[in-house]
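Below is one structure; the comments refer to it alone.
Numbered from 1 within each chain, the chains take letters A, B, ... in sequence-line order. The shown structure was predicted, so the numbers you read here are calculated from the model rather than taken from an experiment.
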Amino acid sequence: MSATAEMPAVTRFAPSPTGSLHLGNARTALFSRLWAARTGGRFILRIEDTDVERSQPRFLAELLADLAWLGIDWDEGPGIGGPSAPYAQSERGALYARLFTQLEAGGFAYPCYCTAEELELSRKLQRMSGKPPRYAGTCRVLTRDQRAEREHRGLKPTLRFAVPADRILSFQDSVHGPQSFASNDIGDFIIRREDGTAAFFFCNAVDDSLMGVTRVLRGDDHLTNTPRQLMLLDALGLRHPGYGHVGLLVGVDGSPLSKRHGSTSVREFRERGFLPAALLNHLFRLGHASDIDGWLAPGAMPAHFRPAHLGRAPARFDEAQLLHWQKEGVERMSLAEVGSWLGAGDPPEFVELLRHNVTLPADAAAWRKVVGGELPPLGESERGVVSAAGPGFFAAAAAAFDQAPSDLKQLTRILKDRTGRKGAELYMPLRVALTGLQHGPELGPLLKLMPPDLARRRLSHFARNHAQDS
RNA sequence: GCUCCCUUCGUCUAGAGGCCUAGGACACGGCCCUCUCAAGGCUGUAACACCGGUUCGAAUCCGGUAGGGAGCGCCA
């Protein structure tokens with residue numbers, strides 16, 4: 001639309017390897033990737049693993065695998081490298097150290113010797129007296145001697161950013177429009193932890209700028225954090241990326257997406273047999289209005305991604321809609337693809353037969369049982385069908401089966417002559433007796449796949465007036 | 001508590017003062033097709049949170065109310 005929206009965008013996804021890929025993160029990763037792709041820019045993957053306690057190699061491997069499964073690839077980052085390497089923040093310590101000294105030298109930051117307990121208490125007190133819980137600034141005014149004394153006592157300081165007074169921080173949010181915040185509402189915040197590692201506000205902002213990111217797309221939860229990062233960048237003389245904050249992904253009840261809403265990670269959907277393209281199509285339309293409603297092959301998504309149509313309101317993740325895309329995805333697979341997706345080594349004729357009746361691999365398992373195993377007990381409606389047909393019908397059916405085993409066409413012809421029934425009245429009781437259900441793949445081929453004695457048994461079972469007891 | 005954000009059919013959304021008796025998609029109902037389901041075709045139900053204001057005219061602008069959410073962490 002506007003000229004800026006079409007300039008090559010450098011975007012990024014900056015996850016922490018502290019768990020498997022969450023749906024909300026997958027969505028912002030997708031949007032960022034698409035934004036870069038649509039404008040001919042670059043997409044960077046950066047690993048924010050400064051929290052050594054929670055970051056684990058196992059999670060990183062999962063993260064990369066989840067991204068790969070979704071088909072979200074990156075132009076710079078782990079495994080590829082690039083001009084801004086390294087792309088793991090745990091390896092960028094030396095760089096951060098230089099910037100910390102620069103900030104301290106310029107008077108933009110100061111060591112803070114307050115302990116976690118002291119800070120906790122201070123916040124509690126502030127809350128109780130109805131004040132916003134902000135750092136009181138205790139260590140900001142320490143003299144050189146006072147600092148030396150604390151060092152001498154063996155206290156290890158954190159580094160705090162000295163938030164300037166009376167400043168208004170304004171920026172143009174690409175999703176929310178113009179924003180502005182007062183620096184007086186913001187307390188001095190920690191940019192380096194006691195253990196010397198860089199804190200989120202710092203390394204996240206600094207790396208975005210240093211890596212040449214031009215469009216930061218992230219969740220709404222970061223909107224009020226943005227002014228801190230702006231001040232930090234200003235103190236360092238680094239340029240600001242553009243920011244865009246998309247509405248959060250929430251559960252069907254509108255509360256933050258959590259376990260009780262069911263599956264919330266990409267991995268869970270993958271394990272349940274969802275297709276990556278299906279998940280992508282759903283995510284693509286959550287908090288985003290594309291110009292077309294129908295199925296999009298992942299490769300076509302960049303052309304239909306509209307950054308100007310990113311949503312401010314939270315979007316509910318409704319699995320019913322994902323199911324729709326899943327059906328679309330299954331319909332679009334080749335026979336061989338469906339076969340390997342089901343992953344059970346089914347014969348091609350079986351796959352061909354049930355492919356339109358299956359949206360998840362679990363559905364196929366049910367049909368496998370229909371063909372070769374036990375039938376589940378009949379439902380109320382199915383019992384109705386059976387008793388309406390009557391035992392005589394099934395006795396005739398069993399007899400007809402003996403004349404034309406496993407041949408539905410012949411069997412129905414004979415049965416039609418003997419009973420005078422036709423259409424649904426003829427087929428439905430047969431379907432229920434043979435499959436236990438009123439719907440499913442074509443009955444003829446289904447019957448051919450069944451062992452003849454099994455089919456015969458199912459028919460004669462209902463000839464003995466067993467409709468009620470099942 | 002303070003600061004900030006959000007609010008159109010059940011869901012995802014279109015809509016940037018008249019084109020809106022509010023459009024599309026999913027879901028749901030009906031009809032057609034069909035041995036069934038699905039697919040396909042046709043069709044139906046269903047929303048501007050509320051109250052004021054500005055205006056000839058408001059879903060769209062302004063103010064307030066309500067309800068949701070986020071941030072204020074040595075988590076990211």
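Contact check for A:R92 versus A:Y96: side-chain heavy atoms found under the 4.5 Å cut-off. Between A:K448 and A:L408, every side-chain heavy-atom pair lies at or beyond the 4.5 Å cut-off.
For the C1' atom pair drawn from B:U13 and B:U54, the interatomic distance equals 29 Å after rounding to whole Å. The separation of B:G23 from B:U45, taken at their P atoms, amounts to 11 Å, rounded to a whole angstrom. Here the separation of B:A46 from B:G52, taken at their C1' atoms, is 28 Å to the nearest Å. Comparing the C1' positions of B:C26 and B:A66 gives a spacing of 30 Å, expressed to the nearest Å. Taking atom C1' in both B:G71 and B:C62, one finds a spacing of 27 Å when rounded to whole Å. Nucleotides B:U34 and B:A27 place their C1' atoms 23 Å apart, quoted to the nearest Å. If you take atom P in B:C74 and the same atom in B:G69, they sit 24 Å apart, rounded to whole Å. For B:C48 and B:U36, the P atoms lie 40 Å apart once the distance is rounded to whole Å.
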>> So if I define the base as every atom that isn't primed, P, OP1 or OP2, how would nucleotides 36-51 of chain B read as a B/S/- string at a heavy-atom cutoff under 4.0 Å?
In response: BBS-------------
> Could you run down nucleotides 60-76 of chain B 5' to 3' and tag each one B, S or - for protein heavy-atom contact under 4.0 Å?
Replying inline: ----------SSBSBSB
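Pairing for B:G29 goes to B:U43, judged as Watson-Crick or G-U wobble with the two contacts each under 3.5 Å. Under the Watson-Crick or G-U wobble criterion, with both distances below 3.5 Å, B:C2 is paired with B:G71. Using N1 to N3 plus N6-O4 or O6-N4 for Watson-Crick, or N1-O2 and O6-N3 for G-U wobble, each under 3.5 Å, B:A58 pairs with nothing. Base pairing of B:A22 is not made with any nucleotide, judged by Watson-Crick or G-U wobble geometry with both donor-acceptor distances under 3.5 Å. Pairing for B:C37 is absent, judged as Watson-Crick or G-U wobble with the two contacts each under 3.5 Å. The partner of B:G17 cannot be assigned: no Watson-Crick or G-U wobble pair with both contacts below 3.5 Å exists in any strand. Applying the Watson-Crick and G-U wobble criteria (two distances, each under 3.5 Å), B:A66 pairs with B:U7.
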>> Please determine whether salt bridge (charged side-chain N to carboxylate O under 4.0 Å, His left out) holds for the pair A:R123 and A:E120, giving the CA-CA distance in whole Å, both sets of side-chain angles, and the decisive distance to 0.1 Å.
In response: CA-CA 5 Å; A:R123 272 194 294 272; A:E120 182 63 36; 3.4 Å; yes
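Relative to the six-membered ring of A:F305, A:R38 misses at least one condition, a distance below 6.0 Å or an angle of at most 45° to the axis. The cationic atom of A:R228 (NZ for Lys, CZ for Arg) lies less than 6.0 Å from the six-membered ring centre of A:F189 and within 45° of the ring axis.
What separates CG of A:D293 from P of B:A27 is a distance of 12 Å, to the nearest Å. The separation between A:I168 atom CD1 and B:C4 atom P is 10 Å, rounded to whole Å. If you measure from atom CZ of A:R27 to atom P of B:U13, you get 8 Å, rounded to the nearest angstrom. For A:L322 and B:U11, the CG to P distance is 18 Å, given to the nearest whole Å. Rounded to whole Å, the distance from CZ on A:R312 to P on B:U7 is 6 Å. Nucleotide B:C35 holds its C1' atom 15 Å from the CG atom of A:L437, rounded to whole Å. Here the P atom of nucleotide B:A25 and the CZ atom of A:R285 are 12 Å apart, to the nearest Å. Taking atom NE2 of residue A:H324 and atom P of nucleotide B:G24, one finds them 16 Å apart after rounding to whole Å.
Partner A:R218 forms a side chain to side chain donor-acceptor pair (under 3.5 Å) with one of A:N225, A:T226, A:N25, A:T28 and no other, that one being A:T226.
When all heavy atoms of A:I186 and A:M231 are compared, the pair lying nearest together is CD1-CE, 3.9 Å.
In this structure, a donor-acceptor pair under 3.5 Å is present between the side chains of A:T197 and A:R193. Counting only N and O atoms by type, the side chains of A:H324 and A:N281 include no donor and acceptor under 3.5 Å apart. Counting only N and O atoms by type, the side chains of A:R272 and A:S263 include a donor and acceptor under 3.5 Å apart.
Between A:H245 and A:Y243, the ring planes are parallel. Angles under 30° get that label, and only those over 60° would be called perpendicular.
Of the two residues contacting RNA chain B, namely A:S180 and A:A315, the nearest-nucleotide position lying further toward the 5' end is that of A:S180.
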